[in-house]
Amino acid sequence: MKSIIITGGAGFIGSHVVRLFVNKYPDYHIINLDKLTYAGNLANLKDIEDKPNYTFIKADICDFDKVLEVMQQYKVDGIIHLAAESHVDRSIKDPFTFAKTNVIGTLSLLQAARLYWESLPEKYENKRFYHISTDEVYGALEMTHPEGIEPPFKTTASSGEHHVAYGEEFFYETTKYAPHSPYSASKASSDHFVRAFHDTYGMPTIVTNCSNNYGPYQFPEKLIPLFINNIRHHKALPVYGKGENVRDWLYVEDHARAIDTIFHNGTVAQTYNIGGFNEWKNIDLIKVLIRTVDRALGNPEGTSEELITFVTDRAGHDLRYAIDSTKLQTELGWEPSLQFEEGIEKTVNWYLNNQEWMDNITSGEYENYYNEMYSNR
Ligand code: NAD
Ligand code: TYD
């Protein structure tokens with residue numbers, strides 16, 4: 001594998017994947033194909049933009065002709081597809097954009113890859129189409145133990161105050177798809193198209209479904225960076241519903257390492273779940289965040305708890321996500337590297353030390369979006 005397109009490389013997870021591949025594989029040519037929507041930011045890649053094995057191309061994945069041209073020009077043998085509309089709240093307001101980018105965009109990439117690879121003498125040999133998806137396609141799990149139980153798996157949460165699972169059920173690779181939001185419905189649809197291209201045309205595809213990511217460079221409409229920034233500016237923290245929903249959190253660099261492992265060693269046509277067995281109720285997570293940010297800012301403990309503001313719940317808000325990543329851990333030997341509190345500490349420090357990055361995003365257009373979004377809650 002020498003020439004690889006990474007779509008959505010200017011976004012949150014994509015930028016970590018691009019950085020990892022550019023630094024780790026100097027003999028690969030990494031082509032970052034990104035439309036630079038509101039979520040795409042080339043400042044995420046400042047440290048590697050001058051590397052000789054890196055090229056950025058501003059393009060829309062829905063632009064089939066352009067994608068095909070790039071594939072032919074760079075003789076692409078691998079695609080790692082992360083470009084997407086990724087925020088559930090936006091999908092509730094504007095589902096069409098999600099269908100267009102996530103479904104039609106993925107189909108356009110698949111079709112371009114198919115035309116290009118089938119035109120080569122070796123066809124699909126040593127080629128790979130790797131599609132990055134989410135655990136949200138599986139729907140929501142029951143919370144059979146609201147106070148939590150001893151988890152059946154090794155967890156990345158530290159063993160002190162938090163070390164629980166909120167139910168016996170988990171998302172497995174075999175779990176039936178049951179998406180509830182327009183976002184997850186569009187991702188589910190794209191996953192089906194990817195698998196259909198394997199089954200119908202023999203394209204060597206892989207799909208992975210990962211739990212919630214956190215870490216540096218995440219767009220501040222998502223819970224963790226939004227709340228860190230609001231605490232810093234002493235602004236309200238809008239907690240949806242009662243804050244009882246459970247998410248399973250993974251440090252973004254651990255996801256990028258999993259993508260590297262699976263891209264190179266995963267089996268074609270397989271699905272792998274990616275997660276760190278790290279379930280948190282939103283309200284508990286928010287309290288850890290508050291404690292960590294207050295400590296970093298030198299505020300007395302508990303100062304920012306008064307910012308917690310319970311607001312109207314998200315429509316169709318999935319109750320619990322919890323990934324079982326045993327297959328990836330046992331078959332491919334991947335493991336999360338960080339304990340959760342360590343990851344949160346690193347993340348808080350990164351955002352507090354990169355205020356300019358945050359200010360550039362939260363000024364202007366995004367500020368208007370944010371104010372409108374939250375004034376309606
Ligand atoms: P993000 O919103 O931060 O970034 C998305 C990137 O895609 C941006 O750079 C944007 O400019 C680009 N993009 C959007 N539409 C495009 C188009 N039409 N053509 C080309 N580029 C386009 O997203 P993220 O959080 O980094 O998520 C990346 C992928 O991982 C998505 O497919 C998402 O579904 C999946 N995922 C995310 C999480 C998470 O917690 N963030 C968890 C599991 C899976
Ligand atoms: P989010 O970061 O949007 O990720 P996802 O919806 O993909 O899980 O939200 C994480 C959780 O936090 C989710 O249960 C919704 C909740 N949430 C809030 O309570 N307030 C907020 O302002 C946001 C953005 C999210």
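In listed order, ligands and their atoms are each counted from 1. Numbers for residues simply follow the sequence, beginning at 1. Side-chain atoms are counted along with the backbone in the values below, which use heavy atoms only and exclude waters and symmetry mates.
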Q. Just going by heavy-atom distances, which of Lys35, Lys187, Glu136 is nearest to atom 32 (O) of ligand 1?
A. Lys187

Q: Tell me, please, whether Tyr166 has Arg320 positioned over its six-membered ring: NZ or CZ under 6.0 Å from the ring centre and within 45 degrees of its axis?
A: no

Q.
Using heavy-atom distances only, which candidate in Ser186, Ser211, Ala83 approaches atom 7 (O) of ligand 1 most closely?
A. Ala83

Q.
Under 4.0 Å between a side-chain nitrogen and a carboxylate oxygen: does that hold for Arg314 and Asp89?
A. yes

Q) Under 4.0 Å from ligand 2, counting heavy atoms only, is it the side chain of Phe310, its backbone, both or neither? A) neither

Q) Given Phe12, Tyr183, Phe98, which one has a non-hydrogen atom that is nearest to atom 34 (O) of ligand 1? A) Tyr183

Q: Report yes if His317 has an N/O atom closer than 3.5 Å to an N/O atom of ligand 2; otherwise report no.
A: yes

Q: Could you tell me whether the side chain of Asn209 and the main chain of Thr271 form a donor-acceptor pair under 3.5 Å?
A: no

Q: Flag Leu226 as yes when one of its N or O atoms lies below 3.5 Å from any N or O atom of ligand 2, and as no otherwise.
A: no

Q: For ligand 2, find out whether one of its N or O atoms is nearer than 3.5 Å to an N or O atom of Arg247.
A: yes

Q: Say whether Ser15 and ligand 1 are in contact under the criterion: heavy-atom distance to a ligand atom below 4.0 Å.
A: no

**Q.** Side chain, backbone, both or neither: the part of Leu36 lying under 4.0 Å from ligand 1 by heavy atom
**A.** backbone

Q.
Using a plain distance cutoff, I'd like to know if Tyr38 has any nitrogen or oxygen under 3.5 Å from a nitrogen or oxygen of ligand 1.
A. no

Q: Tell me which one of Asn212, Asn282, Asn213, Leu285 gets a heavy atom nearest to atom 4 (O) of ligand 2.
A: Asn212

Q: Could you pull out, from Ile13, Leu82, Thr97, the option with a heavy atom nearest to atom 31 (C) of ligand 1?
A: Leu82

Q. Taking N or O atoms only and a 3.5 Å limit, does Tyr374 qualify as a polar contact for ligand 2?
A. yes

Q. With atoms numbered from 1 as shown, which atoms in ligand 2 lie under 4.0 angstrom from a non-hydrogen atom of Val239?
A. 19 (O)

Q: Under 4.0 Å, heavy atoms only, figure out whether ligand 2 is touched by the backbone of Leu223, its side chain, both or neither.
A: both

Q. Taking distance alone, with no angle check, do Asp34 and ligand 1 share an N/O pair under 3.5 Å?
A. yes

Q | Heavy atom of the protein closest to atom 23 (O) of ligand 1 (residue, atom name, distance) | A | Ser86 OG, 3.3 Å

(Q) Please compare Arg320, Arg314, Glu221 and report which has the shortest non-hydrogen distance to atom 24 (C) of ligand 2. (A) Glu221

Q. Can you list the steps and then say if His192 with Tyr177 is a ring-ring contact (aromatic ring centres under 6.0 Å, His included)?
A. CA-CA 10 Å; His192 290 317; Tyr177 275 29; 5.1 Å; yes

Q: Decide whether a cation-pi geometry holds between Arg247 and Tyr214; the criteria are a distance under 6.0 Å from NZ or CZ to the six-membered ring centre and an angle within 45° of the ring axis.
A: no

Q: Kindly confirm or rule out an N or O of Tyr240 lying under 3.5 angstrom from an N or O of ligand 2.
A: yes

